[in-house]
*Asks:* 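For reference, the structure I am asking about is given below.
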Amino acid sequence: MAVEQKVREYILENYLFTDDQSTLKNEDSFLEKGIIDSTGILEVIYFIEEDFAIKVSDEEMVPENLDSVNNIVKFIEKKQNAG
Amino acid sequence: MVQSLVHMLHNMVLKVPDAEAIIYGETRVTYEQLWLTSLSVAHLLSKQNLQKHDRIAILLENSPEYVATYYGAQAAGGVAVGLNTAAKARDLENWIRHSGATWLFADASHTELSNLIQACGKDIKIVLVGENNTIHTEFTWNNIVNSKNKEFDLSNVTNSNDPAAIIYTSGTTGNPKGVTLSNKNLVTNIESILAYLKLTENDRILNVLPFYYTYGNSILHTHLAVGGSIILENSMMYPHRVLEKMVSEKVTGFSGVPSTFALLLGRTNLRDYDLSTVRYMTQAGGPMPPANIEQLLEAVPHIQFFVMYGQTEASARLTYLPPDKIFEKLGSVGIPIPGVEIEIHDEHNKVVNEGVTGEICARGENIMLGYWNDPESTKQVIKNGWLHTGDLAHVDSDGFLYIDGRSSDMIKSGANRISPKEIEEVIAELKEVLEVAVVGAPDNILGQIIKAVIVLRPGENLDTKDVKAYCKRNLADYKIPKLIDFTDTIPKTASGKIQRYKLQEQYK
């Protein structure tokens, strides 16, 4: 499954509780739209680490890497390419 | 004693008009500017014939606008009702109707706004803060804040024993609890807190706690009472950003609930940041694991760390642990703050001996007037002048208080205090559900997470996602159960009352 699709499915399933793809835009800010809160983001990190075998360091826990589907996909692809 | 919060602010406007009061992103608001904006709000309300004690609901995130509305409402003689911005329309409508608010100051981009306006209809005058292309109201923030009129008759402010603010602590349809506080309650508590925190106009706090809760409310007013600065950061989602701001703003103070500190300790290295300007940190909102306190003080040993305990019904604060006793009395929430008496009562309302667990009861000028329009519920918690907190504790031989648990069913998750009944009420609306019980389950970060146990009607099927989706439509996100179990029976007493403690035992 493509990274983007997997991330979208995770967010829809665990934070929006729906299969309706139209409820989530890839550029939606999780913080501004209230999709994920401060503990939710820890779960997202756990998901990234488990499902993509990537280690997310404390310093990488910033909105540029985690605050939207697009940002997460970019971050995962960057880490995979670097690894 | 100063007469009111508004008078306290006014004193600082006279003393330090050019000092920064609120810092929000790029916006820096001085005391003089905050005062003028507050007066603009007050002028509008007065011009529109606001009567003394009329309620003004505020549905705004922490922002300069929230603060100006709160003080402006009180300056005009109104009662400020800060609403939980995470709540959904049904709770918001419930609180607005219960408080009888005649005004609503709301963030124009709030996702529940159109549903709320539809529900409340023409019963309420609305002031929108910000832009909204689809909702049009008679009043907008931009057209009321242009007043340059510095004069305002402060005799409009309610008497010190009259209601000044309402804080809703739960939202069940039948029984919303609106903690009603007078200026005397609020001012007394502020003065007690100032006596031990020793805040001055040089203090600068970074605040992540919502003003619509009592802890954030208390941080706001204590700092404005001394001419200090409040730097707003409305999320702990990215703890590094919070620390960077603490450094760049040279803050002297920081306050949090246990989950705030758990996030900082778990996802950052505090030693990497220059926190030398920080003089103190405070913690309330439930027990913080002693190991986290030790870890925090190893990382920032120069700070004074205040463990505190309180309740909305006590205007905020009841006890504090003096920082020099933090290791000697680790695990304690300390001693009563100035002006507060604490006793531990048994079930017959008799004071227990030291070391014996009983209910924390408190007395002082900070104890609420009562629950808004609810004398019955008020009578259940205020008896013979003593507030019965529902919290269980014992006192050691030196008079230090140790919390042992709660006698009520409220769930404490992060900064939120949640009535299980609110969630049960919503889940029970699903036609597939025969019965449901909600309890708190232990969690390392949040203290407790919400667990729902559901019995389905015979032959019915229901997915956990369906339950969560329904909760998301009707409840604030922090009230959505994290865990859902389907079961055959829920333990109950002979009279049919849910035995939550039995369910809780299962999830320990």
Side-chain angles (χ1 to χ4, degrees), chain A residues 5-25 27-50 54-76 78-79, chain B residues 61 85-88 107 109-112 208 233-244 256-260 262-270 272-273 413-416 443-449 463-473 475-482 484:
Chain A
Q5 197 187 340
K6 215 165 161 181
V7 172
R8 283 186 60 83
E9 273 186 16
Y10 175 79
I11 302 295
L12 284 166
E13 171 85 21
N14 290 285
Y15 300 99
L16 296 166
F17 316 114
T18 177
D19 302 322
D20 181 358
Q21 296 287 330
S22 70
T23 54
L24 178 66
K25 295 196 190 85
E27 63 274 21
D28 282 348
S29 159
F30 298 152
L31 176 62
E32 281 169 26
K33 298 258 173 183
I35 296 169
I36 294 174
D37 64 11
S38 53
T39 49
I41 204 73
L42 300 181
E43 295 166 349
V44 171
I45 290 170
Y46 185 72
F47 155 75
I48 294 171
E49 292 186 332
E50 287 292 300
I54 284 171
K55 179 85 188 99
V56 182
S57 71
D58 291 347
E59 291 69 33
E60 288 168 330
M61 193 178 166
V62 291
E64 291 76 5
N65 293 335
L66 301 169
D67 197 41
S68 67
V69 172
N70 278 344
N71 290 11
I72 292 178
V73 171
K74 260 194 294 179
F75 174 62
I76 291 171
K78 190 178 77 187
K79 293 283 280 189
Chain B
E61 298 283 347
T85 53
K88 295 290 158 68
D107 183 341
S109 62
H110 196 286
T111 50
E112 295 294 302
V208 295
E233 182 62 54
N234 288 349
S235 172
M236 273 301 292
M237 202 153 144
Y238 300 105
H240 287 278
R241 292 288 152 94
V242 172
L243 287 169
E244 283 165 10
V257 295
S259 61
T260 317
L263 282 169
L264 283 181
L265 293 168
R267 295 303 309 199
T268 70
N269 186 354
L270 289 165
D272 291 345
Y273 296 85
S413 186
N416 304 299
D443 182 77
N444 284 341
I445 300 275
L446 292 171
Q448 284 186 304
I449 51 172
D463 200 65
T464 56
K465 196 160 80 182
D466 297 332
V467 178
K468 289 183 181 184
Y470 189 72
C471 287
K472 189 168 177 70
R473 285 199 293 279
L475 290 168
D477 283 0
Y478 65 84
K479 293 180 188 169
I480 300 171
K482 203 83 198 152
I484 294 177

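Hydrogens, waters and symmetry mates are skipped; everything else that's a heavy atom, side chains included, is used.
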*Asks:* Is it the side chain or the backbone of B:K472 that comes within 4.5 Å of chain A heavy atoms, both, or neither?
*Replies:*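 It is the side chain, since no backbone atom gets that close.
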*Asks:* Taking atom NE2 of B:H240 and atom CG of B:L263, what is their separation to the nearest 0.5 Å?
*Replies:*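 The distance works out to 11.0 Å.
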*Asks:* So, for B:S235 and A:L31, which heavy atoms are closest and what is the spacing to 0.1 Å?
*Replies:*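 For B:S235 versus A:L31, the nearest heavy atoms are OG-CD1, 3.4 Å.
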*Asks:* Taking atom CG as the centre, does A:D58 end up with more than 12 heavy-atom neighbours from other residues, nucleotides or ligands that are less than 6.0 angstrom away?
*Replies:*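 Enclosed.
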*Asks:* Side chain from CB out, backbone as N, CA, C, O: work out which of these in A:L66 comes under 4.5 Å of a heavy atom of chain B, or both, or neither.
*Replies:*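 Both parts, backbone and side chain.
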*Asks:* With the side chain counted from C-beta on, respond yes when A:D37 and B:D477 share a heavy-atom pair under 4.5 Å apart, and no when they do not.
*Replies:*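 The answer is no; the side chains never approach within 4.5 Å.
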*Asks:* Hey, is B:E244 close enough to B:R241 for a salt bridge, meaning N to O under 4.0 Å?
*Replies:*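 Looking at B:E244 and B:R241, the cut-off is met.
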*Asks:* Say you draw a straight line from CG of A:D67 to CD1 of A:I36; how long is it, rounded to the nearest 0.5 Å?
*Replies:*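 Interatomic distance, A:D67 CG to A:I36 CD1, rounded to 0.5 Å: 8.0 Å.
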*Asks:* For the candidates B:T111, B:L446, B:D272, which exhibits the highest count of non-hydrogen atom pairs separated by less than 4.5 Å from chain A?
*Replies:*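 Maximum pair count with chain A is reached by B:L446.
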*Asks:* Return the option, out of B:A469, B:C471, B:P239, B:G414, with the maximum number of heavy-atom pairs under 4.5 Å with chain A.
*Replies:*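 The option with the most such pairs is B:A469.
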*Asks:* Under 4.5 Å from any heavy atom of chain B, what part of A:E32 do you find: side chain, backbone, both or neither?
*Replies:*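 Nothing of A:E32, per the 4.5 Å heavy-atom cut-off to chain B.
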*Asks:* Does any backbone or side-chain atom of A:L16 lie under 4.5 Å from a heavy atom of chain B? Answer side chain, backbone, both or neither.
*Replies:*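 Its backbone and side chain both get close to chain B.
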*Asks:* So which part of A:T18 gets closer than 4.5 Å to some heavy atom of chain B, the side chain, the backbone, both or neither?
*Replies:*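 The backbone, not the side chain.
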*Asks:* Which of the residues A:E13, A:K33, A:M61 is involved in the greatest number of heavy-atom pairs with chain B at under 4.5 angstrom?
*Replies:*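 Most pairs with chain B among the choices: A:M61.
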